[in-house]
Amino acid sequence: SAVYGLQKDLNLKGQDYSWCPSMFYLGYMAFQPFAAIILTYFPMGKFVSATSLAWAIVLLCTPGAKDFSGMAACRFFLGIAEGGISPAYVLLTGTWYKKDEIPLRMTIWFCGNGVAIILQSLISYGIGHIDHTGIAVWRWFFIIFGIAGLFWSAVLFWFMPDTMLTAKFLDEEEKAIAVERIRRNRTGIANPEFKKNQFIEAILDPKVWWTLVFTIVWIIPTTAVASFGSLVINGFGYGTFESSLLNMPLGLTEIIGLLGAGLVTSYYPNMRCIMQVICNTPAAIGAGLVYSLPKSNKVGRLIAFYCTNFTNGTLPMLWAMTNSNVAGHTKRTTSTAFMFLGYSAGFVIGPQFFLGSEAPIYPTGFKTMMICFSISCILPLFYYTYITWLNNKRARKLEESGEASVVLRNEEFYDLTDKEQLHFVYIK
């Protein structure tokens with residue numbers, strides 16, 4: 001909608017447009033503590049359908065914005081509405097699939113984001129040709145996607161299960177098999193009880209803090225595509241309609257990065273950190289090329305910009321490690337909330353490096369991308385080293401104590417944390 005007159009109609013100046021995505025993620029961040037609590041007590045399927053409905057309603061209100069204040073308010077409340085959806089999907093995936101299945105499953109459903117970029121580009125091209133209706137073109141984006149959101153929230157309400165034990169599409173025998181499948185995860189299943197000791201353990205766990213820091217550093221540069229994709233392409237010298245269609249390959253490179261990371265880690269589970277390094281390398285190179293290539297080489301800069309979206313294979317790996325390496329329901333919901341606090345903080349900070357005064361070149365933005373993607377290539381190696389040390393330490397302790405063969409019956413389903421389970425093995 002940015003290239004279809006939104007900034008002009010709302011009289012956005014300076015950093016106003018950059019603050020619109022930041023306001024969304026301020027709302028997203030504000031909701032995370034509540035998401036952690038609600039996801040502990042509230043049925044997950046009903047929660048997702050309710051928040052999806054709220055998201056659609058706020059989206060339908062957005063065309064009523066008349067200035068920056070109105071748009072900022074709509075974006076803030078849209079962030080609140082969306083703030084619990086991804087954490088819920090992360091937890092849901094972890095309770096349905098085995099550790100070695102989680103990365104691929106997460107990359108598959110996250111591919112919806114890449115598919116959405118492709119479909120949105122095509123739909124945007126069509127919406128851009130709507131005229132003579134008395135309604136500004138950019139407002140139609142929110143109307144059409146808001147109506148689609150209403151429909152989808154109804155689908156979720158009727159078909160999305162709260163847990164595998166309440167899934168209508170499974171009989172009793174299949175439910176028992178589904179529960180037994182995740183025994184080796186040692187992460188338990190949903191428990192509606194909030195446990196203070198698990199909460200304290202989560203906030204003292206170095207893995208949780210590493211996740212927070214890494215998420216912030218990695219998310220900051222990804223805002224270039226998420227919030228400025230069409231504007232950046234438009235700034236290369238392409239027209240409004242061309243910019244809409246040229247967004248499509250960004251979705252394709254995202255899907256390639258996601259499926260590549262998911263498939264590799266399905267066969268080699270301890271490659272998650274390494275895949276984060278691999279996915280961020282072309283992103284760092286691409287950002288460097290966009291910054292350094294001459295403005296006249298708009299095709300080269302465009303291809304380099306596409307390469308930055310390979311980085312998205314990083315996120316499901318991060319989610320999968322949080323799911324696989326944190327046990328205990330309260331500890332998992334808390335660590336997931338920390339992760340999404342970092343997620344939203346990165347999206348609040350990131351747009352501020354894309355200065356309105358530097359549009360449409362955004363040199364500060366692309367320098368920031370180079371730096372942050374480069375750091376994101378290094379940080380996973382620290383996590384890999386720490387997890388290796390942790391596993392070796394546990395193995396030595398079991399061997400020295402003589403408890404290597406001592407197993408508590410059904411320990412996997414007692415809602416114990418990863419630290420409380422003697423035989424818990426971390427994935428890297």
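Any value given below was found using the heavy atoms of this structure, including those in side chains, with hydrogens, waters and symmetry copies removed.
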Q.
What verdict does the side-chain contact (heavy atoms from CB on, under 4.5 Å) test give for Ile375 and Phe214, after you've listed the backbone C-alpha separation in whole Å, the side-chain angles of each residue and the deciding distance to 0.1 Å?
A. CA-CA 9 Å; Ile375 296 173; Phe214 178 77; over 6 Å; no
Q. Got Met321 and Ile427 here, is their nearest side-chain heavy-atom distance under 4.5 Å?
A. no
Q) Do you know the tightest heavy-atom contact between Pro316 and Asn312? A) CD-O, 3.2 Å
**Q.** Heavy atoms from other residues, nucleotides or ligands near CZ of Phe169 exceed 12 (cutoff 6.0 Å)
**A.** yes
Q: Answer yes or no: is there a side-chain heavy-atom contact under 4.5 Å between Ile256 and Phe310?
A: yes
**Q.** NZ-CD1 distance between Lys367 and Ile371, expressed to the nearest 0.5 angstrom
**A.** 8.0 Å
**Q.** Tyr383 side chain to Asn325 side chain, donor-acceptor N/O pair below 3.5 angstrom
**A.** yes
Q: Using modelled atom types only, decide if a donor and an acceptor are shared between the side chain of Glu242 and the backbone of Gly239 within a distance under 3.5 Å.
A: yes
(Q) Given 3.5 Å as the limit, does a donor-acceptor pair link the side chain of Trp210 with the main chain of Leu379, or not? (A) yes
Q: Mind running side-chain contact (heavy atoms from CB on, under 4.5 Å) on Leu212 and Val208 for me, showing each step along the way?
A: CA-CA 6 Å; Leu212 175 69; Val208 174; 5.9 Å; no
Q. Does the side chain of Trp138 reach to within under 4.5 Å of the side chain of Asp9, using non-hydrogen atoms?
A. yes
Q) Does the ring centre of Phe340 sit less than 6.0 Å away from the ring centre of Tyr343? A) yes
Q: Measure the CZ-CH2 distance between Phe373 and Trp218 for me, rounded to the nearest 0.5 Å.
A: 7.5 Å
**Q.** Trp152 CH2: over 12 foreign heavy atoms closer than 6.0 Å
**A.** no
Q | Partners meeting ring pair (Phe, Tyr, Trp, His ring centres under 6.0 Å) with Phe236 (sequence neighbours left out) | A | none
Q: Over all heavy atoms of both residues, which pair between Thr322 and Ser335 is shortest? Give the atoms and the distance, please.
A: CG2-OG, 3.8 Å
Q) When the ring planes of His129 and Phe241 are compared, do they come out parallel, tilted or perpendicular, using 30° and 60° as the limits? A) parallel
(Q) Tell me whether Thr253 contacts the main-chain N or O of Tyr306 through its side chain, where contact means a donor paired with an acceptor under 3.5 Å. (A) yes
Q. Taking it one step at a time, do Phe47 and Asp162 satisfy side-chain contact (heavy atoms from CB on, under 4.5 Å)?
A. CA-CA 9 Å; Phe47 170 75; Asp162 298 317; over 6 Å; no
Q: May I ask you to decide if Lys195's main-chain N or O and Gln198's side chain share a donor-acceptor pair within less than 3.5 Å?
A: no
Q) In Å and rounded to the nearest 0.5 Å, what is the CG to CD1 distance from Leu60 to Ile144? A) 11.0 Å
Q | Pro351 side chain reached by Trp19 side chain, heavy atoms, under 4.5 Å | A | no
Q.
So which atom in Met339 and which in Val90 form the shortest heavy-atom distance, rounded to 0.1 Å?
A. CE-CG1, 4.4 Å
Q. Which atom names give the shortest non-hydrogen contact between Cys74 and Val58, and what distance separates them?
A. O-CG1, 3.5 Å
Q. Taking NZ, NE, NH1 and NH2 as the nitrogens, is one of them in Lys331 or Asp418 under 4.0 Å from a carboxylate oxygen of the other?
A. yes
Q.
If you compare all heavy atoms of Arg332 against all heavy atoms of Thr95, which two are closest, and at what distance to 0.1 Å?
A. NH1-CG2, 3.9 Å
Q: Check the surroundings of atom CZ in Phe68: do more than 12 heavy atoms from other residues, nucleotides or ligands lie under 6.0 Å from it?
A: yes
Q: Validate the cation-pi geometry between Lys419 and Phe424: distance from NZ or CZ to the six-membered ring centre under 6.0 Å, angle to the ring axis within 45°.
A: no
**Q.** Glu254 and Asn113: side chain donor to acceptor below 3.5 Å
**A.** yes
Q.
Taking the six-membered ring for Trp, are Phe338 and Trp209 closer than 6.0 Å centroid to centroid?
A. yes
Q | Heavy-atom side-chain proximity of Lys66 to Met71 below 4.5 angstrom | A | no
Would you mind writing out the side-chain donor-acceptor pairs for residues 21-38 within the sub-3.5 Å range, not counting sequence neighbours?
from	atom 1	to	atom 2	distance (Å)
Ser22	OG	Ser18	O	3.3
Ser22	OG	Val348	O	2.7
Ser22	OG	Gln352	NE2	2.8
Gln32	NE2	Tyr28	O	2.9
Gln32	NE2	Gly83	O	2.8

Q. Of all heavy-atom pairs between Thr215 and Gly342, which one has the smallest distance, and what is that distance?
A. CG2-C, 3.6 Å
Q) How about Trp109 and Tyr89: are their ring centroids closer than 6.0 Å? A) yes
Q | Interatomic distance, Ser124 atom OG to Ile117 atom CD1 [nearest 0.5 angstrom] | A | 11.0 Å
Q: Could you tell me whether the side chains of Glu201 and Thr417 share a donor-acceptor contact shorter than 3.5 Å?
A: yes
Q) Can you tell if the side chain of Met317 reaches within under 4.5 Å of the side chain of Thr107, non-hydrogen atoms only? A) yes
Q. Side chains of Asn11 and Asp67: closer than 4.5 Å at any heavy-atom pair?
A. no
Q: Measure the spacing between CD1 of Ile278 and SG of Cys273 and express it to the nearest 0.5 Å.
A: 11.5 Å
Q: Using the side-chain contact (heavy atoms from CB on, under 4.5 Å) rule, take Glu174 and Asp171 through it: C-alpha gap first, then chi angles, then the decisive distance, then the call.
A: CA-CA 5 Å; Glu174 289 170 335; Asp171 59 32; 3.2 Å; yes
Q. Which distance, rounded to the nearest 0.5 Å, do you find between the SG of Cys279 and the CG of Leu258?
A. 8.0 Å
Q.
Which residue is it: Phe228, Tyr17, Phe305? I am looking for the one with a ring pair (Phe, Tyr, Trp, His ring centres under 6.0 Å) to Tyr362.
A. Phe228
Q: Using only heavy-atom distances, determine whether the side chains of Thr314 and Gln276 contain a donor-acceptor pair under 3.5 Å.
A: no
Q) Would you say Met369 and Phe354 make side-chain contact, with heavy atoms under 4.5 Å? A) yes
**Q.** Donor-acceptor contact present, side-chain Thr311 to main-chain Thr308, <3.5 Å
**A.** no
(Q) Has Arg272 got a side-chain atom pairing as donor or acceptor with Tyr384's backbone, closer than 3.5 angstrom? (A) no
